[in-house]
**Student:** 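Before we start, here is the structure in question, set down as structure tokens.
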Amino acid sequence: MAKRILYASSEVYPLIKTGGLADVSGSLPRALQSAGHEVRVVMPAYGDVIGKLKQAYPVGRFDAGGTEVELIETMLPGSDVLTWLVGNKEAFGRSGNPYMSGDGNPWPDNAERFHLFDRAVAELAQGRAGPSWKPDLVHCNDWQTGLVPALLSLESNRPATVFTIHNLAYQGLFDYDTFQKLDLPNVFWHHETLEYYGQMSFLKGGIVYADQLTTVSPGYAEEIQTAEFGCGVDGLLANRSESLTGIVNGIDTSEWNPARDQHLVQTYSKLNLERKLVNKTELCKDFGLPVDTGMPLIGMVGRLVSQKGIDLVLDILDRIVAIPAQMVILGSGESKFENRLREKVKNHSDRISIYIGYDEALAHRIEAGADMFLMPSRFEPCGLNQMYSLRYGTIPIVHAVGGLADTVVTATPENIQSGQATGIAFYEPDADELYAAIRHAVALYKNQAIWKQMQLTAMRQDFSWAGSAAEYSKLYYKAMDDAVMEVG
Ligand code: ADP
């Protein structure tokens, strides 16, 4: 049954992106609309977004908790998903990063800005903002939209609410003075509502008040209920475990398709996998490495931060090159890791090459050219690169956490025998374990028959958004039942 869905997010690709949230917010609404729902996306009208839009129309003004906002209507580029931008010059008109000023610190008025956005979303949700459209359900994402379920809990005849956690590490914490400035009802200053050890938590608004909670993989949904991964709210999440579901993100299968990829020198598919080798040769040339097609080539792309386990890789780089194997790394992040990598390259310039920076095309070329792909993340809510790797027949080597454990089937003898293996997992975030996993991968690589079977199985996996959208649809019906029960 088709429903009216209001999808609220602080970043939506391709309008603005700082991370995976934007990818999801740009893809899931389309997939939901293709599944028959009537979807409206709502996000703040950031200065840089307004400047980029060719067609955007002001459709009204309304009061959002005492501040006037403008509603601007556009289409999510390349789609038929109607998108509303909430405009207020003072809050959102500035250009640059949506959350941080140029010096890397959060904007000092972030609480006021996202409080205003959330008030506006709540008005839209109640059908009071102008457009004669009222959703059946509001889907909120991360702390920036956490007040929406809280505000709607005060309303009668409200739509159902779903709150998705993309990254639990960011909680939107502000002091008590800020809470008072926002003029929120006193009921929200309590440890069972928004108060969190003397601070106000936007995230708790979502966790406490949404009808249903989701996160971006079943594995991470379990993990965040434990002290190790729960960032201080594990108890709260465990209390709501009956309403917490993990749904793996999809990937953009037209953007990431080895048979059509514009960034590749040679496209390929399951039917002509031997053509993948041309990409390996080209990748070595791109990175200035000697071409040795018989030697395993390991790729890595991502933020160079400890979450991604780059320190584990650094600890064993000398041993990796001695296997022998070659390695290409694309990324940027903490300077201590960038510098250590530069040092390593000096000693092993025929085996390791790095590119410090962000380069979309090169990321595609690594996925296609490498034989194996490393993701030794300490925690990983979902992860995208391992899914790209699988689709490109590039065998992922992963630390079995969160979405990595959910999407990669490790090469045990049984899984190889039954033709289900797609990668190699290791179980402790430890350099020796990582090294053992790489050795295991290299041993399998030398067995052409097994390796090819793993590649083909990997390439057959379906990570399209349609499957995830179907799971969200099911959850929406559940949330609507919950909302009805609460009101009834
Ligand atoms: P996270 O969101 O934690 O950074 P994900 O694996 O979920 O990790 O998504 C990261 C995305 O950003 C992937 O699409 C990855 O290819 C891309 N990416 C990260 N760093 C770079 C880089 N230096 N150059 C190109 N793409 C990058």
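One-based numbering along the sequence shown. Counting convention: from 1, in listed order, for ligands and their atoms alike.
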**Student:** When you measure from atom 20 (N) of ligand 1 to every protein heavy atom, which one gives the shortest distance, and what is it?
**Tutor:** G302 CA, 3.6 Å
**Student:** May I ask you to list the atoms of ligand 1 that are less than 4.0 angstrom from any heavy atom of G331?
**Tutor:** 23 (N)
**Student:** Whether R30 engages the ring of W465 as a cation-pi pair (distance to the six-membered ring centre under 6.0 angstrom, angle to the ring normal within 45°) should be assessed.
**Tutor:**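 So R30 doesn't make the cation-pi contact.
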**Student:** What protein heavy atom sits nearest atom 24 (N) of ligand 1, and how far away is it?
**Tutor:**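 Of the protein heavy atoms, D359 N, 3.0 Å lies nearest.
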**Student:** Flag the pair D318 and K344 as a salt bridge only when some basic side-chain nitrogen lies within less than 4.0 angstrom of an acidic carboxylate oxygen.
**Tutor:**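 Looking at D318 and K344, the cut-off is met.
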**Student:** Students should be able to answer this: which protein heavy-atom is nearest to atom 2 (O) of ligand 1, and at what distance?
**Tutor:**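 Nearest protein contact, heavy atoms only, for atom 2 (O) of ligand 1 is G20 N, 3.9 Å.
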**Student:** Could you tell me whether L384 approaches ligand 1 through its side chain, its backbone, both or neither, with non-hydrogen atoms closer than 4.0 Å?
**Tutor:** both
**Student:** Any heavy atom of Q386 sitting closer than 4.0 Å to ligand 1?
**Tutor:**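 Heavy atoms of Q386 never come under 4.0 Å of ligand 1.
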**Student:** How close does the nearest protein non-hydrogen atom get to atom 14 (O) of ligand 1, and which residue and atom is it?
**Tutor:** Y388 CE1, 3.3 Å
**Student:** For the backbone of A259 and the side chain of S269, can you confirm whether one donor and one acceptor N or O come within less than 3.5 Å of each other?
**Tutor:**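 No: the side chain of S269 does not pair with the backbone of A259.
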**Student:** Looking only at protein heavy atoms, which one is nearest to atom 4 (O) of ligand 1, and how far off is it?
**Tutor:**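 Of the protein heavy atoms, R303 NE, 2.9 Å lies nearest.
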**Student:** Quick check: does W256 get an N/O under 3.5 Å from an N/O on ligand 1?
**Tutor:** no
**Student:** Compute the minimum heavy-atom distance from G19 to ligand 1 and say whether it is under 4.0 Å.
**Tutor:**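 It does not; every heavy atom stays at 4.0 Å or beyond.
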**Student:** Do me a favour and list the nearest non-hydrogen protein atom to atom 10 (C) of ligand 1 with residue, atom name and distance?
**Tutor:**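 Atom 10 (C) of ligand 1 sits closest to the protein heavy atom N385 ND2, 4.5 Å.
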**Student:** Salt bridge between D311 and R378, side-chain N to carboxylate O under 4.0 Å?
**Tutor:** yes
**Student:** Considering only the protein, which heavy-atom contact is closest to atom 18 (N) of ligand 1, and what is its distance?
**Tutor:** Y358 CE1, 3.7 Å
**Student:** With side-chain hydrogen bond (donor to acceptor under 3.5 Å, both in side chains) as the test, would you mind laying out the steps for D252 and S254 before giving the verdict?
**Tutor:** CA-CA 6 Å; D252 184 335; S254 53; 2.8 Å; yes
**Student:** Is there a polar contact between ligand 1 and K17, counting only N or O atoms under 3.5 Å apart?
**Tutor:**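 The answer is no, given that K17 and ligand 1 share no N or O pair closer than 3.5 Å.
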**Student:** Is there a polar contact, in the sense of an N or O pair closer than 3.5 Å, between E360 and ligand 1?
**Tutor:** no
**Student:** Under 4.0 Å between a side-chain nitrogen and a carboxylate oxygen: does that hold for K285 and E282?
**Tutor:** yes
**Student:** Taking 4.0 angstrom as the limit, do R340 and D315 come out as a salt bridge?
**Tutor:** yes
**Student:** Under a 4.0 Å threshold between the charged nitrogen and the carboxylate oxygen, would E380 count as salt-bridged to K308?
**Tutor:** yes
**Student:** Has the side chain of D48 got a donor or acceptor atom that lies under 3.5 Å from a matching backbone atom of G96?
**Tutor:** yes
**Student:** Do T145 side-chain atoms and S9 backbone N/O form a donor-acceptor pair below 3.5 Å?
**Tutor:**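 The answer is no, because no donor-acceptor pair under 3.5 Å joins these two groups.
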**Student:** Before signing off on this row, confirm whether Q307 and ligand 1 have an N or O atom pair separated by under 3.5 Å.
**Tutor:**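 Looking only at distances, the answer is no, because the N/O contact criterion of under 3.5 Å is not met.
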**Student:** Quick one: which of E380, K308, E367 has a heavy atom closest to atom 8 (O) of ligand 1?
**Tutor:**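 That would be K308.
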**Student:** Taking NZ, NE, NH1 and NH2 as the nitrogens, is one of them in R319 or D432 under 4.0 Å from a carboxylate oxygen of the other?
**Tutor:**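 Looking at R319 and D432, the cut-off is met.
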**Student:** Under 4.0 Å, counting heavy atoms only: does G357 come that close to any atom of ligand 1?
**Tutor:** yes
